[in-house]
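Working notes for the structure below.
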Amino acid sequence: MDLLKELKENFGYRAFRRGQQEVIESVLSGSDTLAMLPTGTGKSLCFQLSGYLLEGQVIIVSPLLSLMQDQVEQMKVKREKKAIAINSFLSFPEKKRALERLHAFKFIFISPEMLSNPDIREAVENLDVSLFVIDEAHCISQWGPDFRPHYLLLGEIRKGLGNPAVLALTATATKEVRDDIKNVLHFKEHNEIVYSVDRRNITLTVEKVDTHQGKINKLIDYAASLTGPGVIYFSSRRLAEELASLLREKGIENVTHYHGGMEQEERILIQQQFLTNKLRIICATSAFGMGINKENIRFIIHFHFSSSLEAYLQEIGRAGRDGNESAAIVLFTEQDLSLPLHLMEGELPFDHQIEGFVNLHESKSADELYSALQLSESQYRFLDHYVHDYSGNDPARQSQKIKQLRDERLRYKKEKLVSMVKWMHADSCRREGILRYFDEKMEDRPADCCDICGFEVKNLHTYETAAEVIPELDWEKRLEKILMG
DNA sequence: CGGGAGGTATTTAGATACCTCCCGGTGCTCTAAT
């Protein structure tokens with residue numbers, strides 16, 4: 001088959017980007033495929049073109065509603081009408097109608113939660129699915145075991161679909177995480193297509209500061225002196241808000257905050273304004289990022305460091321997609337370690353909660369369990385998921401098993417955190433450190449590599465400011481469309 | 001665990017010092033009430 005010809009006919013492009021052809025060839029050969037391609041490679045083209053060249057339907061599992069809506073919308077702009085997103089944006093009658101005529105669609109976007117619903121499963125199991133795509137597949141490993149356990153059911157769901165070929169797409173996954181993904185999805189004969197995670201145009205800097213106030217002062221300096229669009233990451237919603245308003249008080253314009261506690265509409269609006277250069281700096285929690293396709297982000301500052309090197313790489317990887325020089329700066333104090341540790345521990349159930357749950361879950365409702373054991377949502381989900389795995393055992397044994405699982409998970413997360421902290425404290429090249437973590441070797445050092453290699457932020461090339469504000473997109477209509485489906 | 005808010009004591013009427021308490025991220029979906 002002449003893939004180039006198909007590319008030209010279907011998309012009007014004359015050449016593939018790096019990795020795309022290889023992925024499509026693997027998918028068309030019928031093998032399961034795990035593709036790790038750098039951000040901005042055009043991963044969705046891989047499953048779209050493959051879909052056109054295969055007989056049956058394509059199911060795409062996506063972690064975020066906004067991501068799904070966006071992809072469907074983009075496909076519709078390109079005159080692909082046979083794409084639909086099945087999610088909670090649909091009203092009950094809309095959902096019912098969509099399920100009745102699901103066979104009429106070629107590309108079906110869906111969340112792992114929705115896909116686990118028995119009615120939906122029945123509907124999709126009647127389809128003729130030729131490709132099962134998992135977008136942002138690292139979520140399986142990053143979120144599956146506690147935050148979003150439905151990710152762990154995808155292997156079973158695949159079986160129900162008649163074992164179609166799988167395409168798992170991600171930009172950052174260590175070898176360990178890739179193995180995890182393959183296990184959960186029950187990979188059979190497969191190809192792994194892995195490209196380097198190195199982003200040569202992003203310089204890496206870690207700055208140790210003595211106090212919290214010292215970090216704030218540094219942040220103000222950077223926000224005032226760095227040009228171009230940037231994102232500042234925080235691990236607290238309150239601080240993201242406070243620092244955004246402090247920066248505005250200091251005369252820095254077009255700054256706002258963004259986090260998961262805000263209204264969906266407001267979040268979409270901020271993304272749009274950032275994309276069109278009406279906002280320059282976003283003070284955000286980790287909620288900001290996935291699905292942000294902005295070419296000219298010039299800097300990413302971490303006011304709080306990420307809880308793993310993978311997450312860090314995802315976050316800084318949003319900079320410099322246009323290939324121009326960009327900066328990643330971590331500001332840290334030794335005291336910063338307590339917050340992520342605390343968050344990790346609070347996410348999983350404590351001993352007494354495990355024991356209580358094991359004893360009470362059969363006689364009490366979910367609401368009663370929540371209040372009797374003072375459970376958070378993620379603690380409840382963890383317990384609810386694993387209590388069934390050991391239902392044959394006596395309560396003491398059951399509790400012991402669940403505690404073991406919790407300890408393992410906690411250890412796993414702490415190890416990731418420790419790798420991040422060690423990396424920040426290291427006195428050897430930062431780029432080499434990251435590449436080593438991903439089992440890569442550095443071939444060729446870029447000129448502006450990292451602070452250890454002699455790079456100083458003050459020498460950062462002054463960029464052409466993206467002064468040009470992109471003409472008013474009709475965001476209100478867009479917003480309405482996204483919200484109304 | 002650390003930072004911020006708010007209260008109290010101290011010392012002398014506005015401000016500082018110290019204590020205690022509280023809070024802290026990521027997203028999906030369903031249901032019930034409006």
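Letters A, B, ... are given to chains in the order of the sequence lines, protein chains preceding strands, and every chain is numbered from 1. All values reported here derive from a predicted model rather than from experimental measurement.
The nearest whole Å value for the distance from the CD atom in A:E347 to the C1' atom in B:dG24 is 13 Å. We find that CD of A:E263 is positioned 15 Å from C1' of B:dG27, with the value rounded to whole Å. Taking atom CD on A:E345 and atom P on B:dG25, their separation rounds to 16 Å, with Å as the unit. Summarising the geometry, the separation between CZ on A:R237 and P on B:dT26 is reported as 4 Å, rounded to the nearest angstrom. Rounded to whole angstrom, the span from the CD atom of A:E241 across to the P atom of B:dG3 amounts to 20 Å. Here B:dG24 presents its C1' atom at 14 Å from CZ of A:F303, a figure rounded to the nearest Å. Between A:L343 atom CG and B:dG27 atom P the separation is 14 Å, expressed in whole Å. Across the protein-nucleic acid pair, A:F234 atom CZ and B:dG25 atom P stand 12 Å apart, rounded to whole Å.
By the 5.5 angstrom centroid cut-off and the 30-degree plane limit, A:W143 is classified as not stacked against the base of B:dT26.
Here the side chains of A:D146 and A:R381 are not in contact, with every heavy-atom distance at 4.5 Å or above.
When atom types are taken as modelled, the side chain of A:N201 and the backbone of A:G320 share a donor-acceptor pair closer than 3.5 angstrom.
In this structure B:dA32 sits in no base pair that meets the Watson-Crick or G-U test at under 3.5 Å. Shown here, B:dT12 forms no base pair; nothing in the strands shown gives a Watson-Crick or G-U wobble contact with both key distances under 3.5 Å. Nucleotide B:dA5 has B:dT20 as its partner under the Watson-Crick or G-U criteria, with both atom distances under 3.5 Å.
Counting only N and O atoms by type, the side chains of A:E122 and A:N126 include no donor and acceptor under 3.5 Å apart. Between the side chains of A:N277 and A:K294, a donor-acceptor pair is found at a separation under 3.5 Å. Using a 3.5 Å distance cut-off with no hydrogens or angles, the side chains of A:E310 and A:H138 do not pair a donor with an acceptor. Side chains of A:Q271 and A:Y258: a donor-acceptor N/O pair is present below 3.5 angstrom, by distance only. A:E440 and A:S196 share a side-chain donor-acceptor pair at under 3.5 Å. A donor-acceptor contact under 3.5 angstrom links the side chains of A:Q69 and A:N87, judged on distance only.
Across the P atoms, B:dT29 and B:dA33 are found 23 Å apart, a figure rounded to whole Å. Taking atom P on both B:dC28 and B:dG7, the two are 39 Å apart, rounded to the nearest angstrom. For the P atoms, the distance linking B:dG25 with B:dG4 amounts to 14 Å, nearest Å. Comparing B:dC30 with B:dT8, their P atoms are spaced 49 Å from each other, to the whole Å. Between B:dG14 and B:dT10, the distance separating the two C1' atoms is 12 Å to the nearest Å. Rounded to a whole angstrom, the distance from the P atom of B:dA17 to that of B:dT11 is 13 Å. A gap of 15 Å separates the C1' atoms of B:dA9 and B:dA13, to the nearest Å. Taking atom P in both B:dT12 and B:dC18, one finds a spacing of 16 Å when rounded to whole Å.
Checked against B:dG4, B:dT26, B:dG2, the side chain of A:S338 finds its nearest nucleotide in B:dG2.
Remark: of the listed residues A:E408, A:Q398, A:E355, A:E355 is the sole one forming a side-chain hydrogen bond (donor to acceptor under 3.5 Å, both in side chains) with A:K403.
Applying the 3.5 Å distance criterion, the base of B:dG3 shares no donor-acceptor pair with the side chain of A:H212.
Among the heavy atoms of the strands, none lies under 4.0 Å from A:Q142. Within 4.0 Å of A:H259, counting heavy atoms only, lie sugar-phosphate atoms of the nucleic acid but no base atom.
Nearest-nucleotide positions on DNA chain B place A:Q335 closer to the 5' end than the other of A:L339 and A:Q335.
When the side-chain nitrogen and oxygen atoms of A:S236 are compared with OP1 and OP2 of B:dG25, one or more of them lie within a distance under 4.0 Å.
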Subject >> Protein proximity profile, nucleotides 28-34 of chain B - base contact B, sugar-phosphate-only contact S, no contact -, cut-off 4.0 Å on heavy atoms >> reply: SSS----
